[in-house]
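Working notes, beginning with the structure itself.
Per chain, numbering begins at 1; letters A, B, ... match sequence-line order.
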Number of protein chains: 2
Amino acid sequence: MESKCENCIVRQFNSLRALSKEELKKVSDSKISKKIMKGDSIFVEGQKLDGVYCVRKGVSKLSKLSSNGKEQIVKLTNKGEVMGQRSVVAEDFTNLSATAINDMEVCFIPKEIISNTLNTNPNFSLEVLRHMAHDLKEADDVIVNMSQKTVKQRLAEAFVYLKKNYGEDEFGFLLLTLSRDDYANIVGAATESLIRMISEFKKKGLIKTSGKKIGVVEEKTLQELADGF
Amino acid sequence: MESKCENCIVRQFNSLRALSKEELKKVSDSKISKKIMKGDSIFVEGQKLDGVYCVRKGVSKLSKLSSNGKEQIVKLTNKGEVMGQRSVVAEDFTNLSATAINDMEVCFIPKEIISNTLNTNPNFSLEVLRHMAHDLKEADDVIVNMSQKTVKQRLAEAFVYLKKNYGEDEFGFLLLTLSRDDYANIVGAATESLIRMISEFKKKGLIKTSGKKIGVVEEKTLQELADGF
DNA sequence: GAAAAAACATGATAATTATCAGTTTTTACA
DNA sequence: TGTAAAAACTGATAATTATCATGTTTTTTC
């Protein structure tokens with residue numbers, strides 16, 4: 001037996017919280033839970049989505065290929081986030097690919113339910129609108145960072161961000177473990193350049209590493225670095 | 001006597017087209033037309049907006065200051081575009097500044113009318129949502145361009161974009177004339193670097209210049225350059 | 001548990017882009 | 001219409017970042 005949306009806490013974090021009891025029941029009845037293994041793709045850029053994906057557990061990266069074939073990670077999802085919303089709302093192909101960074105549980109919700117509810121429940125529309133407004137603001141910030149900050153600044157910022165958003169374990173290592181490649185695709189740099197910078201940060205005592213795991217040691221200094229001091 | 005929204009063609013291009021006759025009349029009665037001179041500011045990053053601005057004539061740049069004090073242009077507005085929508089929807093400060101690139105006519109629409117209509121007319125919400133979805137997609141594209149393309153590629157792309165979106169005069173010069181500084185702030189480069197690149201493009205016969213005016217000569221080659229060939 | 005593959009790492013070098021220090025040209029306006 | 005300010009431009013140089021080559025470590029797979 002599958003669990004119900006009504007009892008799902010992650011709903012609090014996303015636009016589904018604006019649904020009425022009946023609407024929620026409909027969603028719950030038609031949703032499909034899926035387990036996705038680390039590294040697996042959830043959907044691919046250019047695809048037509050038949051619905052949205054609500055993240056119950058795990059983290060995924062939303063990325064886009066540039067014409068030279070390099071991947072750029074545009075966003076990491078947070079718990080409760082609804083993926084594919086933009087595409088369903090705009091009745092458009094996805095412009096992003098979603099790939100699991102660790103093992104995930106997501107719920108697929110057919111697009112018909114979403115569009116119906118958008119048409120009938122203004123609160124839901126508004127809630128989706130607010131989330132999209134938030135995403136848009138964040139995207140603007142990323143644009144500015146990409147064009148005005150150095151790779152070093154962006155990497156410092158990434159570490160602070162990862163600590164704040166995904167936390168750290170008892171030994172001070174980031175809970176979200178990314179490959180060096182993923183780091184490079186987040187800050188928009190060549191993998192080799194990025195690895196060098198990680199070494200440099202480590203040498204300066206700003207971070208610590210243990211295999212792939214990275215721990216933030218000097219958060220304040222990293223933040224200052226990110227801000228350009 | 002001011003002209004009425006009911007007769008305003010630019011409405012076709014924006015979310016206001018989803019309004020009913022009565023709603024449109026309300027907007028029309030409460031809107032304030034403003035003339036804005038080239039170079040003047042419409043609103044500034046961090047400000048609380050009391051409404052949105054509908055662009056009737058002219059072009060503005062939406063920009064953001066980075067922590068090092070350099071301006072990054074995130075978007076140029078098109079005719080009919082509604083500025084400040086994100087901020088009003090999210091009940092948030094603006095994250096962007098809007099500045100007139102040439103003489104403009106805009107209509108200010110108080111936020112109360114916008115929020116009321118959002119709450120009562122699902123079609124309007126949906127329409128706003130679609131526009132925001134479109135902006136978000138474009139922002140994602142900009143992120144990828146910024147991080148994966150060279151300044152040269154981004155500049156080539158900018159020329160093609162400006163020609164396609166704002167057209168050219170009878171002599172083949174872009175109708176939208178930007179300063180070298182603005183070009184630099186669009187592609188995210190130092191002004192000197194950008195000027196050098198313009199000289200290079202000119203030397204190669206890809207573009208032509210006459211004072212500040214720039215004309216696209218080899219559109220296809222520029223497009224290929226932008227795509228990385 | 002060994003072989004293969006993938007990820008991580010470092011050095012040398014080249015390409016890209018920024019910065020600084022000017023000069024020239026254009027624009028604004030008193 | 002002359003002049004000051006702003007914008008456009010150029011050269012020299014430095015800083016940043018990418019690329020290529022190669023070696024090491026870790027992970028996966030049979």
Side-chain angles (χ1 to χ4, degrees), chain A residues 37-40 61 66-72 99 101-103 145-158 173 177-204 207-214 225-226 228, chain B residues 37-40 61 66-72 99 101-103 145-158 173-174 177-203 207-214 225-226 228:
Chain A
M37 301 285 286
K38 173 180 176 175
D40 282 356
K61 57 181 175 184
S66 70
S67 48
N68 63 35
K70 214 176 166 331
E71 179 190 25
Q72 174 63 37
T99 314
I101 282 186
N102 41 36
D103 292 350
N145 281 346
M146 282 297 170
S147 59
Q148 306 282 6
K149 291 191 173 178
T150 63
V151 171
K152 192 179 294 186
Q153 288 178 299
R154 299 203 294 272
L155 181 60
E157 188 160 59
F173 289 104
T177 302
L178 299 173
S179 69
R180 304 295 194 252
D181 229 16
D182 281 339
Y183 272 110
N185 296 339
I186 287 173
V187 304
T191 307
E192 299 95 320
S193 302
L194 182 115
I195 289 174
R196 257 182 268 275
M197 214 139 280
I198 286 186
S199 306
E200 191 188 321
F201 279 13
K202 195 180 166 184
K203 208 174 293 173
K204 285 188 182 159
I207 60 173
K208 59 184 177 183
T209 67
S210 167
K212 304 184 64 132
K213 285 189 293 184
I214 291 180
L225 222 176
Chain B
M37 300 286 286
K38 174 181 175 175
D40 282 356
K61 57 181 176 185
S66 71
S67 49
N68 64 33
K70 215 175 165 334
E71 179 190 23
Q72 174 63 36
T99 313
I101 282 187
N102 42 36
D103 292 349
N145 281 345
M146 283 295 171
S147 59
Q148 306 282 7
K149 292 190 172 178
T150 63
V151 171
K152 193 179 293 186
Q153 288 177 298
R154 298 205 292 273
L155 181 60
E157 187 160 59
F173 289 103
L174 293 172
T177 302
L178 298 173
S179 70
R180 304 296 194 252
D181 229 15
D182 280 339
Y183 273 110
N185 296 338
I186 287 172
V187 302
T191 307
E192 299 95 320
S193 302
L194 181 114
I195 288 174
R196 257 182 269 274
M197 214 139 278
I198 286 186
S199 306
E200 192 188 320
F201 279 14
K202 194 179 166 184
K203 207 174 291 172
I207 60 172
K208 59 184 176 181
T209 66
S210 167
K212 305 183 64 133
K213 285 189 293 186
I214 291 179
L225 222 175

Between protein and nucleotides 22-29 of chain C, what N or O pairs are separated by less than 3.5 Å?
none

Donor-acceptor contact present, side-chain [X] to main-chain [Y], <3.5 Å:
{"X": "A/Arg180", "Y": "A/Thr191", "result": "no"}
{"X": "A/Gln72", "Y": "A/Ile186", "result": "yes"}
{"X": "B/Asn102", "Y": "B/Lys38", "result": "no"}
{"X": "B/Gln153", "Y": "B/Thr150", "result": "yes"}

Note to self: Could you tell me if the side chain of B/Tyr183 sits less than 4.5 Å from the side chain of B/Ile214, heavy atoms only?
What the structure shows: yes
Check: Does the side chain of A/Asn185 come within less than 4.5 Å of A/Lys70's, by heavy atoms?
Finding: yes
Note to self: What contact category does B/Ser179 fall into here, base, sugar-phosphate, or nothing, at under 4.0 angstrom with non-hydrogen atoms?
What the structure shows: sugar-phosphate
Check: What nucleic acid atoms does A/Thr150 come within less than 4.0 Å of, heavy atoms only: base, sugar-phosphate, or nothing?
Finding: sugar-phosphate
Next item on the list: Could I get the full list of salt bridge (Lys or Arg N to Asp or Glu O under 4.0 Å) partners for B/Glu157, not counting sequence neighbours?
Entry: B/Lys149
For residues 193-200 of chain B, which side-chain donor-acceptor pairs fall under 3.5 Å, sequence neighbours excluded?
unit_1	atom_1	unit_2	atom_2	d
B/Ser199	OG	B/Ile195	O	3.1
B/Glu200	OE2	B/Lys152	NZ	3.0
B/Glu200	OE2	B/Lys204	NZ	3.1

In whole Å, what is the span from the [atom1] atom of [X] to the [atom2] atom of [N]?
{"X": "A/Glu192", "N": "C/dG11", "atom1": "CD", "atom2": "C1'", "value": "12 Å"}
{"X": "A/Asp181", "N": "C/dA9", "atom1": "CG", "atom2": "P", "value": "12 Å"}
{"X": "B/Leu194", "N": "C/dT19", "atom1": "CG", "atom2": "P", "value": "14 Å"}

Margin query: Does anything in residues 195-204 of chain A come within less than 4.0 Å of DNA chain C? Heavy atoms only, and list the residues if so.
Written below: A/Ile195, A/Arg196, A/Ser199
Next item on the list: Would you please name every residue forming a ring-ring contact (aromatic ring centres under 6.0 Å, His included) with A/Phe173, sequence neighbours left out?
Entry: none
Next item on the list: On DNA chain D, reading 5' to 3', which nucleotide is the first and which the last to sit with an atom under 4.0 Å from a heavy atom of chain A, could you check?
Entry: D/dT17 to D/dC20
Notebook entry, point to check: Is it true that the side chains of B/Lys202 and B/Thr209 contain a donor and an acceptor less than 3.5 Å apart?
Noted result: yes
Note to self: Could you check whether B/Lys212 and B/Thr177, counting side-chain N and O atoms only, form a donor-acceptor pair closer than 3.5 Å?
What the structure shows: no
